[in-house]
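Shown next, in structure tokens, is the structure this report addresses.
Proteins come first, then strands; the chains are lettered A, B, ... in the order of their sequence lines, and each starts at number 1.
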Protein chains: 2
Amino acid sequence: MDTIGFEQHDHKNCVKGALSAVEAHCAAHKLQFTAVRRRVLEILLSEHRAMGAYEILDVLRDEGLGSQPPVAYRALDFLVSHRFAHKVERLNAFIACTHPGETHTPAFLICRSCDAVAEAHAEPSKGMLGRVASETGFFIEQAVVEAIGLCPQCRKGALPCP
Amino acid sequence: MDTIGFEQHDHKNCVKGALSAVEAHCAAHKLQFTAVRRRVLEILLSEHRAMGAYEILDVLRDEGLGSQPPVAYRALDFLVSHRFAHKVERLNAFIACTHPGETHTPAFLICRSCDAVAEAHAEPSKGMLGRVASETGFFIEQAVVEAIGLCPQCRKGALPCP
DNA sequence: GGTTAATATGTTATAGAATTACAATTATCA
DNA sequence: TGATAATTGTAATTCTATAACATATTAACC
């Protein structure tokens with residue numbers, strides 16, 4: 001399991017790298033990586049945080065790429081269904097995937113103080129969920145795993161209990 | 001870790017038992033278990049499934065217990081904050097807790113075919129989330145753990161891939 | 001008991017998130 | 001090129017949730 005999100009990194013290259021990985025994946029799988037879809041992923045990658053659909057739509061509108069909710073939601077549906085982005089259920093928001101292409105179940109660490117979100121990998125078939133599932137005969141297809149708390153930075157300084 | 005939800009059970013007693021447990025807990029902690037709060041919990045307990053706030057509000061309205069959204073949301077906030085009920089983030093819905101009083105982190109198994117929801121216990125400080133958290137220095141306060149898939153019944157018969 | 005403070009409810013309005021439905025366009029491939 | 005499928009444009013609507021403020025109830029204290 002690895003984590004990305006609370007550390008410093010070469011952001012420009014991280015955006016570029018993710019974009020070309022997605023590009024390659026779409027080419028290989030004959031998926032249409034259209035202007036809107038590409039731009040939404042770019043927005044999510046460059047902001048590097050969880051964004052609401054309407055917040056994304058505002059950017060698209062400013063750029064003349066679409067003005068109605070379905071435009072944003074459809075692009076997001078595409079990105080999420082191909083795992084280029086994820087939905088953070090707790091926030092009703094979306095975030096670019098930090099390792100597109102690989103099959104994985106994301107787990108999120110959500111800081112309630114600074115709103116940073118870090119993505120980690122989970123293995124739901126193992127661990128607690130997997131045990132419950134196999135005991136009861138439940139077949140897991142997807143898993144939502146999100147922790148809410150304080151990131152390392154906010155834990156040190158700032159607000160103890162807002 | 002234990003699971004309740006996909007099995008048959010003595011429902012009348014389960015409702016009654018949960019209600020009196022909550023009653024006792026409120027008395028002991030000087031919490032006001034008012035008519036609306038009590039009725040919302042009763043509805044959730046007797047329906048024994050995840051319900052949207054507006055669905056609950058419809059019932060309240062029919063009974064003259066309140067007609068505007070804040071009435072339902074405030075009652076739900078009370079129930080959730082004291083862990084008498086939980087929010088299922090994936091469904092934007094609420095469900096009565098199957099073991100009120102005990103401190104716990106609920107995990108849910110959500111059947112995408114019949115919409116049944118089973119509650120299990122999770123231990124986020126252990127397992128996958130806990131490991132990521134301690135590695136990165138993230139302090140977990142709450143966890144959302146929800147699996148989506150097929151319950152034992154739906155797995156056998158019915159729809160393979162709706 | 002009566003006064004005050006805290007808590008809870010009633011109500012209006014609004015904000016935020018997501019989908020339906022249908023028309024128009026663009027891409028894919030035979 | 002023409003037929004088909006996929007994508008986008010747009011309007012309207014539904015569902016989810018909260019803000020703000022007035023009123024009523026309950027708890028606490030003298």
For nucleotides 19-30 of chain D, read 5' to 3', which letter fits each nucleotide if B means a protein heavy atom sits under 4.0 Å from the base, S means only the sugar-phosphate is that close, and - means neither?
B------SS---

Please tabulate the protein-to-nucleotide N/O contacts below 3.5 Å involving nucleotides 3-6 of chain C, giving atom names and distances.
none

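OP1 or OP2 of D:dA17 has at least one side-chain nitrogen or oxygen of B:Tyr73 nearer than 4.0 Å. Checking the phosphate oxygens (OP1, OP2) of D:dG9, no side-chain nitrogen or oxygen of A:Ser67 falls inside 4.0 Å.
Between the side chain of A:Tyr54 and the base of C:dA15, no donor-acceptor pair under 3.5 Å is found.
How far NE2 of A:His48 is from SG of A:Cys14: 4.5 Å, rounded to the nearest 0.5 Å.
Taking atom CG of A:Asp58 as the reference point, atom P of C:dA15 lies 14 Å away to the nearest angstrom. Following rounding to the nearest Å, A:Gln68 (CD) and C:dA17 (P) show an atom-to-atom distance of 16 Å. One interatomic measurement links the two molecules: CD of B:Glu55 to C1' of D:dA17, which rounds to 16 Å at whole-angstrom precision. If you take CG of A:Asp77 and P of C:dT19, they are 7 Å apart, rounded to a whole angstrom.
No salt bridge links A:Arg74 with A:Asp77; every basic N to acidic carboxylate O contact stays at or beyond 4.0 Å.
Annotation: of the two residues near DNA chain D, A:Pro69 and A:Ala75, the 5′-most nearest-nucleotide partner is A:Ala75.
In the helix from C:dG1-D:dC30 to C:dA30-D:dT1, the end axes, each obtained as the rotation axis mapping the C1' atoms of four pairs onto the next four within a five-pair block, lie 40° apart to the nearest 10 degrees.
Closest to the side chain of B:Asn92, from the set D:dT7, D:dT16, C:dA18, is D:dT16.
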